[in-house]
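Reviewing the structure listed below.
Position 1 is the first residue of the sequence; numbering continues from there. We use all heavy atoms of the structure for the numbers below, so side chains are in, but hydrogens, waters and symmetry mates are not. Order of listing sets the numbers, starting from 1, for every ligand and every atom in it.
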Amino acid sequence: MAIKDSLKKWQELRDLIGNRKRVLLVTHDNPDPDSVASAAAFQLLLGSKDREVEIASGGELGRSENRALLASLDLEIRSLYWLDLKPYDFFLFLDSQPGSGNNSAQLPEDAAYGIVDHHILGEAWPHEPVFTDIRESYGATATIAWEYLSARNIKPEEGLATALYYAIRTETSDMAQGAAKADRKAWNSLHSKIDWEMLHEIVHCRVPADYFRMMKVAAEGASLYGHALVVDLGETRHSDTIAEVADSFMRLEQAQWVLCWGWNKDRLMFSMRNSTQKQHAGRLARQLVGHHGSAGGHAHMAGGQLSIGERGLEETRLLFRRTIVPGFLEAIEVSDRDGVPLMEL
Ligand SMILES: [Mn+2]
């Protein structure tokens, strides 16, 4: 798609929202840089003196980089846990879709909503959206947001430019994985407009002591099966810890795949990373989880979850350990390999 297509989509969205006064932008639970930066951009795009545009998400931000990003943007994200959704007259889901497992928004009946995302469009829930702009080939939702800004000739200030840049950077592993031409175009344009100090503060952010405790638990819970590292984190304090560990453990020389799993509150969650071209992580994650829960993602990054609910914690952990982990090892053809604890490699 080109900028002129984004202009058309923008006009369609603008006309649909019309003179609605309260818009809620909803990111996925435990928002990552892509959803945070996209939300910041759409707040700018849709906000006016007659319209209040707020941002909400479920879960929390545990990852220090994401907290640093939020702090430097001075952005307020409301918790879906507390928020009454009835007063809003339009909802826009960013980098996410309602009912997709990683989104705990319970839309009011007849709520008008739209979706801007780069994940495969799932089943309409609880009813059809009135607006969709889904671009599966794009590396980041932030790129779509940038195109909307460009189409309207809005030049993002340094903070927002940095956030969008950082989002594209994390979603595409510095343009190396899953980046489309459009992502490159956005990246190149943003490059000259960012606040390098702010970027440095995010990328090299300080971490609490808890981070090192978590890394210790992760290292002790990791085993290598051929070229796949499986990390059992157990209970995690923050749900985004699972993705954080998966990202950092992909640095292991032998690892072409990482499957990191753990549980937090009522959910068992996992993150999958893949450095090969052979298989699509998102599709594999969906296939492994099947009817047990929900999963999705892209070629190199995926995630999913199983609700613990009535199944109970022990049953859910057993299900993961005895069905999903072996299924994963088989799918990537290392099921004949014995697991070697990372600490004994
Ligand atoms: Mn994304």
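In H118, the N, O or S atom that comes nearest to the Mn ion (ligand 1) is NE2. Of all N/O/S atoms in D95, OD1 sits nearest the Mn ion (ligand 1). Here the N, O or S atom of E171 that is nearest to the Mn ion (ligand 1) is OE1. Nearest to the Mn ion (ligand 1), among the N, O or S atoms that D34 has, is OD2.
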Note to self: Using side chain to side chain contact (heavy atoms under 4.5 Å, CB included), reason through L45 and L13 one step at a time and then give a plain yes or no.
What the structure shows: CA-CA 11 Å; L45 281 159; L13 178 64; over 6 Å; no
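Every residue two or more places apart in sequence or in another chain that forms a side-chain hydrogen bond (donor to acceptor under 3.5 Å, both in side chains) with R135 is listed here: S6, D133, Y138, E147. In terms of the side chain to side chain contact (heavy atoms under 4.5 Å, CB included) criterion, residue partners of S79 (sequence neighbours excluded) are, by chain and number, Y81, W82.
Residues V231 and L345 are members of one and the same hydrophobic cluster, defined by side-chain heavy-atom contacts under 4.5 angstrom among Ile, Leu, Val, Met, Phe, Trp and Tyr.
Not one N/O/S atom of H298, from backbone or side chain, sits under 2.8 Å from the Mn ion (ligand 1).
At distances below 3.5 Å, not a single donor-acceptor pair connects side-chain atoms of N188 with backbone N or O atoms of K185.
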